[in-house]
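Every chain is numbered from 1, with letters handed out A, B, ... down the list of sequences.
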Amino acid sequence: MGGDPGRALSTDALRLLLAGPVEEAARGLLGCTLTANGVTLRLTEVEAYDGTGRDAASHAHRGRTARNAVMFGPPGLAYVYFTYGMHWCLNVVCREEGIASAVLLRAGSIVDGIALARARRPGSTDRDLARGPARLTQALAITGADNGVDLFSDDSPVRLSPPATLDETPAAELVIHSGPRVGVAAEAERPWRFWLAGEPSVSAYRPRVLRRRPTA
DNA sequence: AGTAGGATAATCT
DNA sequence: GATTATCCTACTG
C-alpha cells in the first residue's frame, strides 16, 4: 500500500470539480479544509461567481483587468482581493484556464490552531473567528501577498484539502442550503450562496442597502 | 434582536 | 467621483 489512496482520489475529484460549472464547485468546497499560517478551518459557507459576460456581480464580468487576472488562470489558484479600504477576501479560482470564475470563501469553523486564530482576532467569540469573508482571512492571516498561489501545492502558504476521509463526511450526507449572495446589488436573484445546514459559523445575510441619492 | 452609520482605499467609470 | 463579494460600534426596543 503506502500513502493514502482514499485521500488522493478525493483530491483528484476535487480538482476536477473545480474545473467544471462554478455552482457545482461551490457545493463541493463545503466541508473541505483550508490551512494557512498555523490555522485550519472547515468551510461552511461559500459563494459562486461566474465569469465574463455571464454574471454581472463577478469581478471578471467586464473582462480581464489587473485585479482579476488570477481569475483567468487554472482552477485551484487563490484569488485574493482588497475591499472597503481594509479587508482581504479569498476565492478559489474555478473553470479551465482562460475562463474566469471563482468561489468566495465566506465562512468556516476552526478545527486546528484556534489559539493563533484567537490572537489574530482579539475580542472575537470562537463562533465569529471566521464568520464572514474578511474575518476568515484575518483568522488565517491571508493577505494580497497570497494572491495567485496554488492551493493544491504542498509548499503553498495556503492549502485546500478535501474532507479528511470519505467515511467521516460523505458528501451525500452534507445538507446544503442556498440563497442570494450577500452584499451583492447586481444579480440579486441568483441563489449562488451555499452553506451547511445547522452550522453556527455561517455569516448573517445582509441584503445590500441601496444608497440614498443625494438630496436634490 | 435588529438596524444605522462610519471607517478607509483600491478599482473602475 | 462613485462604488465596493465588509466589519465594528452604538443605539433602539
Side-chain angles (χ1 to χ4, degrees), chain A residues 18 22-23 25-27 29-30 34 41 43-73 77-95 100-108 110 117-148 151 158 177-195 200-216:
Chain A
L18 296 188
V22 69
E23 66 271 36
R27 290 176 169 273
L29 284 168
L30 292 172
L34 184 72
L41 57 74
L43 294 173
T44 57
E45 181 189 3
V46 298
E47 278 176 2
Y49 288 87
D50 215 332
T52 306
R54 294 191 305 266
D55 182 357
S58 172
H59 284 175
H61 181 54
R62 302 216 161 247
R64 188 181 190 124
T65 66
R67 176 176 67 162
N68 67 26
V70 172
M71 286 182 74
F72 292 80
L77 297 188
Y79 166 48
V80 185
Y81 69 91
F82 187 69
T83 193
Y84 289 103
M86 62 194 103
H87 298 304
W88 297 102
C89 294
L90 170 65
N91 296 250
V92 178
V93 172
C94 296
R95 294 295 236 113
S101 77
V103 173
L104 171 69
L105 305 185
R106 287 200 56 91
I110 311 288
R118 285 176 182 142
R120 288 172 183 150
R121 295 190 31 79
S124 172
T125 62
D126 286 354
R127 177 193 184 226
D128 284 350
L129 282 174
R131 184 172 179 253
R135 292 167 170 176
L136 184 152
T137 60
Q138 280 174 30
L140 272 65
I142 289 166
T143 70
D146 300 302
N147 190 39
L151 296 171
V158 189
H177 290 190
S178 67
R181 295 173 291 190
V182 175
V184 170
E187 306 254 2
E189 72 289 351
R190 196 187 291 227
W192 272 16
R193 172 184 178 231
F194 303 95
W195 66 94
S201 64
V202 170
S203 69
Y205 174 60
R206 296 269 180 271
R208 187 182 187 278
V209 230
L210 260 74
R211 207 169 294 252
R212 205 194 52 169
R213 284 185 314 227
T215 49

Donor-acceptor pair, distance only, cut-off 3.5 Å: does the side chain of A:Arg67 make one with the backbone of A:Tyr81? no
Between atom OH in A:Tyr79 and atom P in C:dA5, what is the gap in whole Å? 9 Å
Say whether, by atom type as modelled, one donor and one acceptor occur between the side chain of A:Arg181 and the main chain of A:Ala48 under 3.5 angstrom. yes
Nearest-nucleotide pick for A:Phe82, side chain only, options being C:dT6, B:dA10, B:dT11: B:dA10
Base-pair map of DNA chain C as dot-bracket, where | denotes pairing with a different strand and pairs are Watson-Crick or G-U under 3.5 Å: ||||.|||||||.
Tell me: CZ of A:Arg67 to P of C:dT3, nearest whole Å? 15 Å
Could you state the OH-P distance from A:Tyr205 to C:dA5, rounded to the nearest angstrom? 14 Å
Whether A:Glu47 side chain and A:Arg106 backbone form a donor-acceptor pair below 3.5 Å: no
For A:Asp126, what residues pass the side chain to side chain contact (heavy atoms under 4.5 Å, CB included) criterion, not counting sequence neighbours? A:Ile114, A:Arg118, A:Leu129
Determine, answering yes or no, if A:Tyr49 is stacked on C:dA5 under the 5.5 Å centre rule and the 30° plane rule. yes
Nearest whole angstrom, please: distance from the C1' of C:dT6 to the CZ of A:Arg106. 9 Å
5' to 3', nucleotides 8-13 of chain C under a 4.0 Å protein heavy-atom cut-off (B base, S sugar-phosphate only, - none) gives S-----
Under 4.0 Å, counting only non-hydrogen atoms across every strand here, what does A:Arg181 touch: a base, just sugar-phosphate, or nothing? nothing
Return the value, rounded to whole Å, for the distance between atom CG of A:Asn147 and atom C1' of B:dA10. 13 Å
Ignoring hydrogens and geometry, is there a side-chain-to-backbone donor-acceptor pair from A:Asp55 to A:Tyr49 under 3.5 Å? no
Classify the ring geometry between A:His177 and A:Trp195 as parallel (under 30°), tilted (30 to 60°) or perpendicular (over 60°). perpendicular
Does A:Arg131 use its side chain to pair, donor to acceptor, with the backbone of A:Val202 at less than 3.5 Å? yes
Measuring from A:Glu45:CD to A:Leu104:CG, what's the distance to the nearest 0.5 Å? 8.5 Å
Main-chain N/O of A:Thr52 paired with A:His61 side-chain donor or acceptor, under 3.5 Å: no
Side-chain donor/acceptor contact of A:Tyr84 with base of B:dA10 under 3.5 Å: no
Among residues 57-65 of chain A, which contact DNA chain C at a heavy-atom distance under 4.0 Å? A:Ala57, A:His59
Separation of C:dC7 P from A:Arg131 CZ (nearest whole Å): 10 Å
Without decimals, in angstroms, what is the distance between A:Met71 CE and C:dA5 P? 11 Å
For A:Arg95, give me all partners under side chain to side chain contact (heavy atoms under 4.5 Å, CB included), at least two apart in sequence or on another chain. A:Arg54, A:Ile99, A:Ser101
Please state whether the phosphate of C:dA5, meaning OP1 or OP2, lies under 4.0 angstrom from any side-chain nitrogen or oxygen of A:Arg193. no
Residue list, salt bridge (Lys or Arg N to Asp or Glu O under 4.0 Å) with A:Arg120, at least two apart or on another chain: none
note: A:Met86, atom CE; B:dG6, atom P; distance rounded to Å ~ 13 Å
Flag, side chain of A:Asp128 to backbone of A:Thr125, donor-acceptor distance under 3.5 Å: no
